[in-house]
**Student:** 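Quick one: the structure is below, and I'll ask about it shortly.
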Amino acid sequence: MSHLRLMVGAGALEGRRWAREHLYSLLVLTPLVLGMTYLGVGRVVEDSDWRPSDEVAAGLAVSAAACLLALGVSRAVAEIYHLRRPESLFDALPVSARAQLAAALVRRAARVSGAAAAAVVARTLAGGGLWDARLPALLACFVAVTASGQALAAVQWVHWGHRRERAHAAVALLMFAACSVAAGLLLFVAVKPWAAPELGRAWLVAGSIALAGATLLLLFALHERWRASDLEYAK
């Protein structure tokens with residue numbers, strides 16, 4: 001636990017230094033671009049006559065979640081194996097593979113939280129209101145499923161390039177599909193809360209928690225087993 005706090009603290013310190021060096025971009029350019037985008041997209045949505053059905057919207061949400069998972073794999077590889085990152089110094093220290101993976105998952109969850117914040121904005125555009133009591137659980141499950149799915153896909157991707165084991169590749173594709181569907185449905189229900197009954201939301205949250213737990217258990221087991229042999233290949 002002390003190693004995990006050390007690594008997370010080092011990452012947070014690096015993030016604060018980066019933020020100090022880019023204050024203008026963070027405080028001026030980013031709010032300006034996001035505000036203009038929000039107003040532009042909002043106007044397009046209001047003026048458009050196209051209103052997708054719940055089935056089409058759910059399919060689009062699952063597709064968006066799959067794209068988000070796929071786009072985060074490369075960055076997840078860099079975070080897990082410390083490719084060209086200051087955290088590579090930890091490889092020379094007596095820090096366990098579990099602590100290094102846990103720190104990478106914390107960073108991955110922080111990045112995915114940006115997509116969860118975008119879902120809140122999309123919710124307002126869809127007319128769902130800014131907040132309700134069920135939204136935190138949906139977004140937390142979305143972050144957990146997406147971050148764990150990206151990390152597992154990253155570990156499996158590196159191992160596939162190294163060993164070409166088809167059985168593990170099949171498992172990776174199955175888990176990727178399951179995480180994409182779960183994250184997409186969570187995203188859909190978060191944006192359009194009226195589209196799912198109360199019982200359906202409860203089952204979705206419970207199933208997502210179980211999926212995220214199974215993904216994490218598999219991830220930690222495979223990472224601890226493969227890290228020593230896959231590390232040099234990843235670099």
Side-chain angles (χ1 to χ4, degrees), residues 52-77 79-80 101-102 104-123 125-126 128 131-160 167-223:
S53 63
D54 290 344
E55 292 76 12
V56 173
L60 292 175
V62 171
S63 299
C67 291
L68 180 63
L69 275 162
L71 290 173
V73 171
S74 180
R75 179 63 69 90
V77 169
E79 292 169 352
I80 292 172
L101 179 58
L105 283 170
V106 171
R107 289 191 294 270
R108 189 100 302 270
R111 293 184 183 277
V112 175
S113 297
V120 176
V121 176
R123 176 189 173 95
L125 293 175
W131 199 258
D132 65 37
R134 307 175 188 87
L135 188 59
L138 292 170
L139 294 181
C141 289
F142 170 76
V143 171
V145 169
T146 304
S148 60
Q150 287 175 341
L152 179 61
V155 171
Q156 292 275 20
W157 183 30
V158 171
H159 189 73
W160 164 254
H168 288 297
V171 173
L173 290 174
L174 179 62
M175 295 299 293
F176 182 88
C179 290
S180 297
V181 172
L185 293 178
L186 287 165
L187 192 64
F188 168 69
V189 176
V191 173
K192 300 182 71 174
W194 60 87
E198 186 71 28
L199 183 60
R201 283 195 294 268
W203 277 107
L204 178 60
V205 169
S208 300
I209 293 173
L211 177 61
T215 304
L216 288 173
L217 288 175
L218 181 60
L219 171 63
F220 275 92
L222 295 180
H223 180 259

**Student:** By the definition side chain to side chain contact (heavy atoms under 4.5 Å, CB included), identify the one residue from L152, L101, L105 that meets it with L216.
**Tutor:**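 Per the side chain to side chain contact (heavy atoms under 4.5 Å, CB included) rule, the option paired with L216 is L105, out of L152, L101, L105.
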**Student:** Show the nearest heavy-atom pair for residues R108 and G72, with the distance to one decimal.
**Tutor:**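 Closest pair (atom of R108, atom of G72, distance): NH1-O, 3.9 Å.
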**Student:** Just how far is it from atom CZ of R111 to atom CZ of R75, taken to the nearest 0.5 Å?
**Tutor:**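 Here the rounded value is 4.0 Å.
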**Student:** Do you know the tightest heavy-atom contact between A178 and L211?
**Tutor:**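 Scanning both residues completely, I find the closest heavy atoms to be O-CD2, 3.6 Å.
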**Student:** Looking at every heavy atom in both V145 and S208, which two are closest together, and how far apart are they?
**Tutor:** CG2-O, 3.6 Å
**Student:** Any chance you could measure L185, atom CG, to C141, atom SG, to the nearest 0.5 Å?
**Tutor:**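 Interatomic distance, L185 CG to C141 SG, rounded to 0.5 Å: 12.5 Å.
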**Student:** About how many Å separate OG of S148 and CG of L218, when rounded to the nearest 0.5 Å?
**Tutor:** 10.5 Å
**Student:** Is the backbone of L68 close enough, under 3.5 Å, to the side chain of Q150 for a donor and an acceptor to pair up by distance?
**Tutor:** yes
**Student:** Would you say V112 and F142 make side-chain contact, with heavy atoms under 4.5 Å?
**Tutor:**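 A side-chain contact under 4.5 Å exists here.
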**Student:** Specify the closest pair of heavy atoms between W160 and A169, including all atoms of both residues, with the distance to one decimal.
**Tutor:**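 Smallest heavy-atom distance, with atoms named: CE3-CB, 3.8 Å.
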**Student:** Using 0.5 Å steps for rounding, measure from the CZ atom of F176 to the OG1 atom of T215.
**Tutor:**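 If I round to the nearest 0.5 Å, the distance is 12.0 Å.
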**Student:** What's the separation between atom CD in E55 and atom CG in L60, rounded to the nearest 0.5 Å?
**Tutor:**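 Rounded to the nearest 0.5 Å, the CD-CG separation comes out at 11.5 Å.
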**Student:** Rounded at 0.5 Å granularity, tell me how far CG in L135 sits from CZ in R201.
**Tutor:** 10.5 Å
**Student:** How far apart are the closest heavy atoms of F188 and A61, and which atoms are they?
**Tutor:**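 Smallest heavy-atom distance, with atoms named: CB-CB, 3.8 Å.
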**Student:** Taking side chain as C-beta onward, heavy atoms only, is V143 less than 4.5 Å from L139?
**Tutor:**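 In short, these two side chains do not touch, never coming nearer than 4.5 Å.
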**Student:** Show the nearest heavy-atom pair for residues A144 and A212, with the distance to one decimal.
**Tutor:**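 Result for this residue pair: CB-CB, 4.2 Å.
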**Student:** Are the side chains of T146 and C179 in contact, using a 4.5 Å heavy-atom criterion?
**Tutor:** no
